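Accompanying notes for the structure given below.
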Amino acid sequence: SFVGPTGVGKTTTLAKIAAHLKIKRSLNLGIVSVDTYRIGAVDQLRTYAEILDVPFVVAQNKMEFEQALDRFRHHDMVLIDTTGKNYLNRKHVQDLRDLFGERSKVQHLLVLSGAAKHEDLKQTILHFRPLAVQSLIFTKIDETMNHGSVINQLLRFSHPASYLGTGQRVPEDLEMATPKRLLAFLLPTGRQLH
């Protein structure tokens, strides 16, 4: 599942990863959207799913979500798009916990803006602790010159970073968050030491 605050690029990131998994790894995918809150989110994801020829289901409640997962039980992987809300409100995280229930096979990827302020990133990660987040994805890497907030979170929390979103193009603007790439945030190419 792709979870995180509003406006960080969860849907676009899901589409980028879906394209990689479908085209490069030839996996049999299913996509489920539980984001019926944001206008256009379902249409955007439906378009990506059609382009990739991946089955797509919208689930408006827990029962429909369970049915969608059952429908895709024989697929290699199911990607789940969630509603972007203000997750500094703990109730929204609890709503996600209620939706996912005790499903141990669901891995939660917390999508965060690399352009966000340090304290906002820290608080968002803390608020998502009840979901047992598996990994962090930082988007909007291309929208900031200062990546210190990203590095600070990786030093503070035990979550690994899996991907970096570097623009809006699907699927091109997605990179693996390798140690070498993350270290480049500390010493960018072309930066001179005095």
Side-chain angles (χ1 to χ4, degrees), residues 1-87 92-93 95-101 103-115 128 131 133-143 161-177 181:
S1 75
F2 294 76
V3 299
T6 182
V8 295
K10 290 183 299 298
T11 303
T12 302
T13 301
L14 184 152
K16 291 174 184 179
I17 292 174
H20 172 77
L21 294 173
K22 173 80 176 182
I23 296 165
K24 302 276 189 197
R25 296 191 48 203
S26 301
L27 293 181
N28 184 18
L29 302 177
I31 298 176
V32 177
S33 176
V34 296
D35 185 1
T36 56
Y37 186 75
R38 185 171 59 95
I39 295 173
V42 169
D43 293 334
Q44 179 185 9
L45 201 48
R46 180 177 283 119
T47 299
Y48 286 133
E50 287 173 0
I51 290 168
L52 292 171
D53 193 27
V54 171
F56 173 70
V57 173
V58 177
Q60 300 205 31
N61 54 48
K62 185 173 176 76
M63 185 176 81
E64 290 181 4
F65 177 67
E66 295 291 337
Q67 290 170 345
L69 292 184
D70 187 55
R71 173 183 170 188
F72 294 139
R73 70 184 175 280
H74 298 297
H75 287 65
D76 297 321
M77 192 174 298
V78 178
L79 305 178
I80 305 163
D81 192 30
T82 63
T83 304
K85 290 185 180 178
N86 176 3
Y87 287 106
H92 297 314
V93 175
D95 291 345
L96 283 176
R97 284 189 76 192
D98 293 344
L99 175 70
F100 292 117
R103 293 189 161 275
S104 62
K105 288 187 177 182
V106 175
Q107 295 184 1
H108 304 291
L109 306 174
L110 179 54
V111 183
L112 301 163
S113 170
F128 273 91
L131 277 183
V133 168
Q134 298 287 317
S135 180
L136 305 177
I137 298 174
F138 290 97
T139 62
K140 304 180 187 285
I141 295 299
D142 57 315
E143 295 181 20
S162 52
Y163 292 98
L164 303 171
T166 57
Q168 291 295 311
R169 294 179 305 157
V170 176
E172 297 88 355
D173 293 337
L174 184 73
E175 298 178 26
M176 295 292 292
R181 180 65 168 104

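Keep in mind it's a predicted model, so treat the numbers as computed, not measured.
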**Request:** Could you tell me whether the side chain of I80 reaches within less than 4.5 Å of the side chain of V3, counting heavy atoms only?
**Result:** no

**Item:** Chi angles and distances behind the side chain to side chain contact (heavy atoms under 4.5 Å, CB included) call for H75, L29
**Value:** CA-CA 6 Å; H75 287 65; L29 302 177; 5.6 Å; no

**Request:** Drop me the distance from T139's OG1 to D173's CG, to the nearest 0.5 angstrom.
**Result:** 11.5 Å

**Fill in**
Between K22 and L27 the two heavy atoms that sit nearest each other are CD-O, 3.9 Å

**Message:** Going by side-chain contact (heavy atoms from CB on, under 4.5 Å), name the residues that satisfy it together with V57, two or more places apart in sequence or in a different chain.
**Reply:** A68, R71, F72

**Request:** Return yes if some donor-acceptor pair links the side-chain N/O of R46 with the main-chain N/O of D43 below 3.5 Å, else return no.
**Result:** no

**Message:** If you compare all heavy atoms of L164 against all heavy atoms of R181, which two are closest, and at what distance to 0.1 Å?
**Reply:** CD1-CG, 3.4 Å

**Message:** How close do V32 and A59 get, counting heavy atoms only, and between which atoms?
**Reply:** CG1-CB, 4.2 Å

**Asked** What distance separates S1 OG from F65 CZ, expressed to the nearest 0.5 Å?
**Response** 7.5 Å

**Item:** Whether S113 side chain and K140 backbone form a donor-acceptor pair below 3.5 Å
**Value:** no

**Request:** Return the minimal non-hydrogen interatomic distance between K16 and R169, and the atom names on each side.
**Result:** CE-O, 3.3 Å

**Gap separating the CG atom of L45 from the OG1 atom of T11, nearest 0.5 angstrom** = 6.0 Å

**Asked** Can we call the ring centroids of H108 and F128 under 6.0 Å apart?
**Response** no

**Request:** Name all residues meeting the side-chain contact (heavy atoms from CB on, under 4.5 Å) criterion together with Q67; count only those two or more places apart in sequence or in a different chain, and write none if there are none.
**Result:** M63, E64

**Fill in**
Between P5 and L112, the two heavy atoms sitting closest are CD-CD2, 4.3 Å

**Request:** Look at the side chain of K62 and the backbone N and O of D98, then say whether any donor-acceptor pair between them is shorter than 3.5 Å.
**Result:** yes

**Fill in**
Interatomic distance, OH@Y48 vs CD1@I31, rounded to 0.5 Å, equals 11.0 Å

**Request:** Determine, stepwise, if the pair E172 / T166 fulfils side chain to side chain contact (heavy atoms under 4.5 Å, CB included).
**Result:** CA-CA 9 Å; E172 297 88 355; T166 57; over 6 Å; no

**Request:** Check the pair F56 / V42 against side chain to side chain contact (heavy atoms under 4.5 Å, CB included), numbers first and verdict last.
**Result:** CA-CA 10 Å; F56 173 70; V42 169; 4.0 Å; yes

**Request:** Taking all heavy atoms of L14 and all of D81, pick out the closest pair and write down the distance.
**Result:** CD1-N, 3.6 Å

**Prompt:** Hey, does the side chain of T82 reach the backbone of F2 with a donor-acceptor pair shorter than 3.5 angstrom?
**Reply:** yes

**Prompt:** Taking only residues two or more places apart in sequence or in another chain, which ones pass side chain to side chain donor-acceptor pair (under 3.5 Å) with Q168?
**Reply:** none

**Prompt:** Looking at NZ of K105 and CG of L69, how far apart are the two atoms once the value is rounded to the nearest 0.5 Å?
**Reply:** 11.0 Å

**Asked** Is atom CZ of R25 surrounded by more than 12 heavy atoms (other residues, nucleotides or ligands) closer than 6.0 Å?
**Response** no

**Message:** Working to the nearest 0.5 angstrom, can you tell me the gap between I137 CD1 and S162 OG?
**Reply:** 4.0 Å

**Derivation of the side chain to side chain contact (heavy atoms under 4.5 Å, CB included) call for M176 and Y163** = CA-CA 5 Å; M176 295 292 292; Y163 292 98; 3.3 Å; yes

